[in-house]
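One-based numbering, in listed order, for ligands and for the atoms of each. Basis for what follows: all heavy atoms, side chains included, without hydrogens, waters or symmetry-related copies.
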Amino acid sequence: MYRLACRLRLAGAVYNDTKGVTIELQGEEKTIAEFLARLQSDDKPPLAEIKSVAAVDAPVIQGDDKFTIRPSDSQGTALSQVTADIAACQDCLAEMTDENDFRHEYPFINCTNCGPRYSIVKTIPYDRPNTTMSVFKMCPKCTAQYEDVTDRRFHAQPVACPVCGPKIWLTDSKGHTIVAKTDSSIAEAAGLLRAGKIVAIKGVGGFHLAVDALAEQAVRRLRRRKRRDHKPFALMADSIETIKKYAVVGEIAEQVLKSPQSPIVLLPKKEGSAIAASVAGGVDTFGFMLCYAPLHYLLFAQGVEVLVMTSGNISDEPLICKNETALEKLGQVADAFLMHDREIYRQLDDSIIHFIDGRPVPLRRARGYVPTPIFMEENCREDIFAAGADIKNTFCFAKQNQLICSEHIGDLEDAEVHHHYIDSIEHLRGLFEVEPKVTVRDLHPAYLSTQYARSLSGVKIIAVQHHWAHIASVLVEHGVAGPVIGIVCDGTGYGTDGAIWGCECLIASLEKFERFGHLAYYDLPGADKASKEAIRPLLSLLKKSWGKEFRLPNFDWLIERIEPETDENTTYDIRNTKYISEQLDKGVNCVETSSLGRVFDAVAAMLGLGAYNHFDAQLPMALEAIIESGIEDHYDFELISRANEAVELDLGKTLKELIADVKKDLPAPVISAKFHNTLSIALLAMAKQARESAKLNIVALSGGVFCNRYLTNRLIELLKREDFPVLFNREVPANDGGLSLGQAAIAAAVMNHES
Ligand SMILES: [Zn+2]
Ligand SMILES: [Zn+2]
């Protein structure tokens, strides 16, 4: 604004205040009009996003002929000064490759339009002394740019150069320096990677474990050393052209890959691609990202084609971001460490994006997106803290009209993740100066997040039902208060009746909900084991579907088809069926559930796709990955309505027909397609009944099962064909990573309308 005002010779001032940004302008009317037009044109900085502009007349101030940047009123500024970490911009990359530039080949080049932010900020205000760059004293050249209002690096806090900034070195797995100089250490690391070695690389949000993605032996070695990790590995390349060799890149996917947020994007695998088979087994996509740190580009320039770049951690622990911790924990995994001395204050995973109904939607929201707020229609009365869920945890603060959602934290049952959760809450609270008077927790009494919420003193605690929060996350993203028809397809969430809910049709607004329908209850034996071992829901569903006619030996042929687990780390034993069957008969350690995720587990197991979820939704993802396209067939199902009771979706007929297909040896990809098709038709039928009954038209979709692209796309298509306007998550994940946003939105709405 300063640059634009000076160029147009307008007097006045610009400053931050409680309403946002205020600009006072004094000059010819038509020049002011031009200023306003150019403010919103392409002249604005790439990262600037203008939500709205309002202009009013103001009295002329005599003798005012300059334009100034006034210090902001720190008392309750509307917006936080801390923004997300942004991928290297084209200007910086051009300078980095320019031999005559003083930052030629400098891996920490950045400017106002790019570079680290949230990951390096310790506290506010966002000034260099409050970042991890405080230990580097700016040289005169950098200082001159930092202080020049017309320069691209004006007030770019992490500005640095080879003379004054951070440096890179390479160590062996014990931490002994192999190469001390920045440029030669990058070249050496690239050489090790080309030779099939595993290199831990410190980036923007933490360490990656890197290996040549085309070398099967090397990738397998990484998988073995990382232990118990069955998840697909993320990949990195330095150009869209390279990515296109291995995956299908659509127009929108290309835009997302090249965006300043630079997330991992899930792309359909290209048939016969040269990527090592063990990079991403059991799924039909590759997760690709483009280089985003200048260091990545310098590394790839040394003849590296495509790298596995997976999170530097052991199994489900938090991402590692400190040099010493990396050596201590990853010393057994990596052959070498490419280190630097720009401290990462907050670790941030790479964000993951996939596509639903042709639109990019997040599966994991972290680097590049956090801490950008999501805005509400109304200001909330009090600051709010929402504790989130225990799996794929995020938490959320509400302040004024902003919902500030944390980065992906992880599964709280891991002690280190739990510690990281508490630490992160304090950090984000400080950055946004939030003073919560209200805490929201999930209805589940045993959740660790519930226990944390209960431990907070002096705040009012609101408990919110899991699936209602899922629907609320969609409503607040779209600025819709409801009521709507909310369809949630999920793994598990605690219900108001003490059962474990999962597949729900709710009539929901931000202020209240009622349960219109759900998947018919079945018993889930063995508590925690039930979400891992597919045999448990499978036996239960067989018993439910066949009722009195159920005889275990009649299904021996089916049970025999289930792949026995060979993983040495699991205690799972297929011969437990008799024991589990007795458990079901006696109702020992069983809980009623309407979980849809577990039905997917059971079907995947019957089709020989595995019997154990080594990570969340492994079996459902495998079931989706094999779907044969172009199949329109489906199975039968029943919607059962009884007076004064919620409508029940019964899949008994579905399973009987499906098992008959298995017996006939119909190919698994066809059975999987028919199963998915059945669910989309059944959910459409449920929505139509809800429309009839509640006289509502808008459908909102959320829940972890809607990370299944085939099911979600098909359901959306069917709903649209029947004239339902459809809303789904676009800003936060549909899985439990989006739950805290919905929790906070509900608390804000409920409090605002309390009399
Ligand atoms: Zn830049
Ligand atoms: Zn410098």
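To the nearest 10 degrees, the angle centred on the Zn ion (ligand 1) between SG in C111 and SG in C89 reads 100°. If you put the vertex on the Zn ion (ligand 1), SG of C92 and SG of C114 sit 100° apart, to the nearest 10°. Geometry about the Zn ion (ligand 2) gives an angle of 110° between SG of C161 and SG of C142, rounded in steps of 10 degrees.
Between the side chains of E105 and Y297, no donor-acceptor pair of N or O atoms lies under 3.5 Å. Under the 3.5 Å distance criterion, with hydrogens and angles disregarded, no donor-acceptor pair is assigned to the side chains of H155 and D127.
Atom CD of residue Q347 and atom SG of residue C321 lie 4.0 Å apart, to the nearest 0.5 angstrom.
The shortest side-chain heavy-atom distance between E254 and K244 falls under the 4.5 Å cut-off.
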